[in-house]
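As the structure is a computational prediction, the values presented were derived from the model and not from experiment. Numbering of ligands and ligand atoms starts at 1, following listing order.
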Amino acid sequence: MPAPQASGVTVFLTGLSGAGKSTVADALVARLEAEGRPVTVLDGDVVRTHLSSELTFSREHRDLNIRRIGWVAGEVVRHGGTVVVAAIAPYEAAREEARALVEKHGRFVLVHLSTPLEVCEQRDVKGLYARARAGEIAGFTGVSDPYEPPSRAELTLDTSVTPLEESVARIRDAMDPPSVL
Ligand SMILES: Nc1ncnc2c1ncn2[C@@H]1O[C@H](COP(=O)(O)OS(=O)(=O)O)[C@@H](OP(=O)(O)O)[C@H]1O
Ligand SMILES: Nc1ncnc2c1ncn2[C@@H]1O[C@H](COP(=O)(O)OP(=O)(O)O)[C@@H](O)[C@H]1O
């Protein structure tokens, strides 16, 4: 008899630019790989280079980007894999579409990195907030484009007050299925 398929899971990190998505994703992936668990990483920047290179930051294109990510994550989860997504994903409806695509096959853990805009802007890791404020980037999330906070995230973490190790530990705990007594 074939071994039962390990249950797949997607951790979906959403939040503003500079909220800590890539940093938390990298640390989480390192932890999972140290456990011997291979991980598929779908980081917004990388996806936009390889899978969504023709897309803009209009609402329609952002939604299409998240739909693609959700579909790929669902396919990996269908075969028992582990996925870590790091994308702004500013719209609730698109995040819920991604959830539905994944939950057909396994578990979906939505993590809202709720780091305040002021902190993200102060970090300005890529200098994009300064450019957005100077009017050089139109439709920049948090400055001139909306971010709808999730109404049903499995976990909400503000990285301005939560140490990286604690974020990783809390996400790792949330990944395990609830124990049946
Ligand atoms: N207008 C605008 N708004 C927001 N972000 C912008 C924009 N233009 C470029 N960037 C850069 O693109 C990265 C976000 O890509 P995502 O694919 O995660 O965005 S989305 O989920 O489709 O909304 C984002 O990366 P992070 O800073 O890592 O979040 C930015 O570097
Ligand atoms: N506790 C923390 N958790 C995550 N990132 C943090 C934390 N404290 C400071 N940072 C810093 O915040 C920045 C977040 O940038 P990044 O991970 O690229 O964000 P995003 O991928 O959401 O755009 C990094 O420079 C990171 O070192």
Side-chain angles (χ1 to χ4, degrees), residues 10-32 39-73 83-99 101-102 108 110-150 153 155-174:
T10 289
V11 174
F12 193 116
L13 303 166
T14 172
L16 297 171
S17 177
K21 302 181 297 295
S22 298
T23 303
V24 172
D26 288 349
L28 178 63
V29 169
R31 159 91 185 257
L32 293 168
V39 187
T40 298
V41 182
L42 299 172
D43 188 296
D45 278 342
V46 181
V47 169
R48 278 181 174 275
T49 303
H50 296 287
L51 189 65
S52 290
S53 56
E54 85 284 22
L55 299 187
T56 68
F57 288 89
S58 67
R59 174 167 189 161
E60 188 191 359
H61 280 189
R62 288 180 194 260
D63 285 352
L64 179 53
N65 186 38
I66 299 309
R67 205 172 295 130
R68 286 178 185 173
I69 287 173
W71 186 81
V72 174
V83 182
V84 174
V85 176
I88 294 180
Y91 297 110
E92 174 96 332
R95 290 188 302 259
E96 287 303 306
E97 261 190 73
R99 176 192 290 279
L101 286 164
V102 170
F108 186 84
L110 184 65
V111 180
H112 177 205
L113 296 188
S114 63
T115 315
L117 174 64
E118 302 70 44
V119 175
C120 296
E121 190 158 1
Q122 203 175 10
R123 288 176 176 168
D124 207 4
V125 182
K126 302 173 186 165
L128 296 178
Y129 283 98
R131 290 182 55 204
R133 292 286 180 201
E136 291 170 21
I137 305 175
F140 193 78
T141 306
V143 174
S144 46
D145 223 45
Y147 180 84
E148 299 173 357
L155 210 53
T156 300
L157 299 166
D158 174 350
T159 69
S160 67
V161 291
T162 311
L164 182 57
E165 305 69 35
E166 185 180 331
S167 293
V168 170
R170 291 186 58 192
I171 296 169
R172 182 66 192 84
D173 285 348

task: Nearest heavy atom to atom 28 (O) of ligand 1 wins, so pick from Arg59, Lys126, Arg95.
output: Lys126

message: Given Ala19, Ala87, Gly20, Gly139, identify the one with the heavy atom nearest to atom 1 (N) of ligand 1.
response: Gly139

statement: Check: of Lys126, Glu166, Arg123, min heavy-atom distance to atom 11 (C) of ligand 2 comes from Arg123

message: For Asp45, which part has a heavy atom under 4.0 Å from ligand 1: side chain, backbone, both, or neither?
response: side chain

- prompt: What is the distance from atom OH of Tyr91 to atom OG1 of Thr141, rounded to the nearest 0.5 Å?
  reply: 7.5 Å

- prompt: Mind checking whether Ser167 has a heavy atom under 4.0 Å from ligand 2?
  reply: no

- line: of all protein heavy atoms, closest to atom 27 (O) of ligand 2 is Thr23 OG1, 4.2 Å

message: Is Gly15 close enough to touch ligand 2? Criterion: a residue heavy atom under 4.0 Å from a ligand atom.
response: no

- prompt: Which part of Val125 is near ligand 2, with near meaning a heavy atom under 4.0 Å away: side chain, backbone, both or neither?
  reply: side chain

field: For Leu164, the ligand 2 atoms whose distance to one of its heavy atoms is below 4.0 Å
entry: 1 (N)

field: Minimum-distance protein heavy atom relative to atom 18 (O) of ligand 1
entry: Ile88 N, 3.0 Å

field: For atom 6 (C) of ligand 1, the option (of Tyr129, Tyr147, Phe57) bearing the nearest heavy atom
entry: Phe57

- request: Please confirm whether Ala138 comes under 4.0 Å of ligand 1, counting heavy atoms of the residue only.
  value: yes

- prompt: How does Phe140 reach ligand 1, by side chain, by backbone, by both or by neither, if only non-hydrogen atoms under 4.0 Å count?
  reply: both

- prompt: Taking the non-hydrogen atoms of Leu16, is any one of them nearer than 4.0 angstrom to ligand 2?
  reply: yes

- request: Check whether any heavy atom of Ala86 sits under 4.0 Å from an atom of ligand 2.
  value: no

